[in-house]
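To start, the structure itself, in structure tokens.
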2 protein chains.
Amino acid sequence: MTETTTLRRGEARERLLDLAERTVLDKGFGATSIDELIAGVGITKSAFFYHFKDKNALAQALIERYLENDAAILDQLFARGDELSDDPLQGFLIGLKLFAETLADLPQAHPGCLAASFVYQEQLFSADVRALARAGAVRWRARFRARFEAIAARRPPRIPVDIETLADMATAIVDGGITLGKSMKDPSILPAQVLHFRNYVRLLFDDV
Amino acid sequence: MTETTTLRRGEARERLLDLAERTVLDKGFGATSIDELIAGVGITKSAFFYHFKDKNALAQALIERYLENDAAILDQLFARGDELSDDPLQGFLIGLKLFAETLADLPQAHPGCLAASFVYQEQLFSADVRALARAGAVRWRARFRARFEAIAARRPPRIPVDIETLADMATAIVDGGITLGKSMKDPSILPAQVLHFRNYVRLLFDDV
DNA sequence: GCCGCTCCTATACCATAGGTACAGTTGTAC
DNA sequence: GTACAACTGTACCTATGGTATAGGAGCGGC
């Protein structure tokens with residue numbers, strides 16, 4: 001039997017990241033101790049520092065995973081929206097609705113946004129981690145900016161708006177919705193806010 | 001001379017709070033050590049624990065001060081808006097513009113929202129502190145909800161919206177704008193987001 | 001004028017957590 | 001069967017939050 005009662009060789013790093021992500025989203029990064037992580041996974045402190053040179057490196061790995069995952073989800077949702085409509089505006093509105101539904105269906109409370117959570121503890125992290133969080137925001141900006149440019153090319157907005165800050169509004173409303181939802185312990189807040197953003201886009205570009 | 005070269009009697013607590021607020025908004029609560037605070041104010045550790053039973057009590061005092069201050073500022077701005085127009089919608093839109101201008105004029109970057117910052121480090125804080133942060137959000141909700149009810153009573157929104165989540169959008173957009181602004185190191189983001197919220201309100205209730 | 005109270009200082013000590021150093025062990029691929 | 005990746009074990013250091021306890025300095029009230 002190659003299988004042991006504990007861990008397969010090489011499995012530790014992966015399980016560390018899984019447990020760390022759950023714990024950090026639940027308790028916050030500062031409140032997550034290395035000791036509890038290694039106890040949970042069943043490895044030693046030496047093993048932790050073998051995989052990650054310090055706690056910062058763990059944060060970096062976490063945020064990288066997180067950003068990849070969330071980009072994949074958004075790609076999928078908005079691709080589906082565009083499948084269902086040829087119009088860039090209508091496809092986007094469908095995508096936003098799917099996004100709100102996805103957020104609403106998430107297992108109790110939303111996962112919280114790792115990137116946003118790290119911004120608030122800036123000095124705990126190295127410049128690399130902060131740069132990664134910023135890169136995440138830049139990707140969101142680029143994604144939504146491109147879409148709004150395509151929409152505005154077809155028909156101008158009802159009132160003049162700046163496309164870049166409108167794109168940023170997606171990021172802001174999601175971060176703000178997560179924060180408020182966490183604070184109020186109400187998971188319905190985030191999807192509701194996304195739908196308000198959707199309303200704003202409709203009122204700007206659609207015939208309402 | 002009753003004045004010493006260092007501190008007047010009873011001044012320590014006040015100066016501790018001032019320094020703590022500046023430091024926490026700059027570096028985050030977790031990254032702010034008691035040692036650096038007492039060194040900055042020029043008192044001993046014993047003095048700190050005389051005034052605050054633990055770091056949590058400091059957080060509590062900080063957030064109480066912060067919430068009072070921000071309520072006073074909003075009261076003033078929207079009162080001024082109502083002075084300039086008798087219509088609840090127009091008064092509100094003026095108030096929002098004043099708010100955006102106030103945020104834009106703040107000394108380099110915005111102060112960051114203490115309440116939001118504390119939400120992300122939940123487990124670092126006691127239930128009391130979390131309840132205070134939640135109370136802050138509840139006050140914002142009540143404030144904006146009352147206003148939107150007054151506005152909707154005069155004329156219905158162009159598309160049906162839930163008033164409570166619309167009120168929450170103010171909180172969400174400000175929190176999200178602060179977070180994004182911090183992440184991108186761009187102080188212009190927050191006021192721009194407030195103006196987008198204002199646009200949304202205009203499109204909902206005004207003739208545009 | 002001294003009593004008692006608030007507002008501190010001084011000293012010592014403790015536990016937890018992040019982190020370092022380094023020597024040794026084991027599974028697996030080649 | 002050996003070399004390397006992936007660990008274990010032990011020991012130790014530092015910063016930080018926090019506790020305990022004794023005592024001093026100014027000040028208002030009686």
Side-chain angles (χ1 to χ4, degrees), chain A residues 1-20 23-24 26-63 118 121-129, chain B residues 1-20 23-24 26-63 118 121-129:
Chain A
M1 298 234 270
T2 58
E3 189 177 332
T4 67
T5 52
T6 50
L7 287 183
R8 290 193 316 275
R9 261 183 91 77
E11 205 190 348
R13 188 191 145 95
E14 197 186 332
R15 303 223 343 207
L16 257 178
L17 283 173
D18 289 340
L19 178 58
T23 316
V24 168
D26 181 42
K27 310 202 303 180
F29 190 78
T32 300
S33 75
I34 294 175
D35 280 349
E36 77 178 291
L37 292 180
I38 63 182
V41 173
I43 54 168
T44 63
K45 211 170 178 181
S46 310
F48 178 92
F49 286 105
Y50 171 75
H51 289 295
F52 305 99
K53 96 174 216 291
D54 53 22
K55 224 186 162 190
N56 245 301
L58 173 67
Q60 209 166 327
L62 279 178
I63 207 168
F118 285 7
Q121 305 162 48
E122 276 198 76
Q123 304 303 322
L124 274 172
F125 300 110
S126 66
D128 309 304
V129 177
Chain B
M1 298 232 270
T2 58
E3 189 177 332
T4 66
T5 51
T6 51
L7 288 183
R8 290 193 315 274
R9 260 179 90 77
E11 202 189 350
R13 190 190 144 96
E14 197 187 332
R15 302 226 339 209
L16 258 177
L17 283 173
D18 289 340
L19 178 58
T23 315
V24 167
D26 180 44
K27 309 203 305 180
F29 190 78
T32 300
S33 76
I34 295 175
D35 280 350
E36 77 179 292
L37 293 180
I38 63 181
V41 173
I43 56 169
T44 64
K45 211 170 178 181
S46 311
F48 178 91
F49 285 104
Y50 171 76
H51 289 296
F52 306 101
K53 98 174 215 291
D54 53 22
K55 223 186 162 189
N56 245 300
L58 173 66
Q60 210 166 328
L62 279 178
I63 207 168
F118 284 8
Q121 305 163 49
E122 277 199 75
Q123 304 304 323
L124 275 173
F125 300 110
S126 68
D128 309 303
V129 176

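Worth knowing before you read on, the calculation uses all heavy atoms, side chains too, and leaves out hydrogens, waters and symmetry mates. To find a chain, count down the sequence lines: A is the first, B the second, and so on, and within it residues start at 1.
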Side-chain N or O of B/Y50 less than 4.0 angstrom from OP1 or OP2 on C/dC8?
->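 No, no such contact exists.
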When you check the phosphate oxygens OP1 and OP2 of D/dC7, does a side-chain N or O of A/H51 lie under 4.0 Å from one of them?
->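 So the side chain of A/H51 is within the cut-off, an N or O lying under 4.0 Å from OP1 or OP2 of D/dC7.
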What distance separates A/L17 CG from A/L37 CG, expressed to the nearest 0.5 Å?
->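 Reported to 0.5 Å precision, the distance equals 10.0 Å.
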Atom pair distance, as rounded to whole Å: [atom1] in [X] and [atom2] in [N]:
X: B/D35; N: D/dT16; atom1: CG; atom2: C1'; value: 7 Å
X: B/K53; N: C/dC7; atom1: NZ; atom2: P; value: 19 Å
X: A/R15; N: D/dC7; atom1: CZ; atom2: P; value: 11 Å
X: B/E36; N: D/dT14; atom1: CD; atom2: C1'; value: 17 Å
X: B/I38; N: D/dG18; atom1: CD1; atom2: C1'; value: 12 Å
X: B/F48; N: C/dT11; atom1: CZ; atom2: C1'; value: 19 Å
X: A/L16; N: D/dA6; atom1: CG; atom2: P; value: 13 Å

Side chain of B/S33 (C-beta onward), nearest among C/dA17, D/dT16, C/dG19 =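 The answer is D/dT16.
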Proximity to the side chain of B/D54 - top-ranked nucleotide from C/dT9, D/dG18, C/dG19 |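 My answer, after comparing the listed nucleotides, is D/dG18.
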Side-chain donor/acceptor of A/D54 to backbone N/O of A/A57, under 3.5 Å |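 Yes.
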If you take atom types as modelled and just measure distance, does the side chain of B/K45 reach the base of D/dG18 with a donor-acceptor pair under 3.5 Å?
->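 Counting by modelled atom types and ignoring angles, a donor-acceptor contact under 3.5 Å is found here.
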Presence of donor-acceptor pair under 3.5 Å, side chain of B/S46 and base of C/dA10 |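 Such a pair is found, so the answer is yes.
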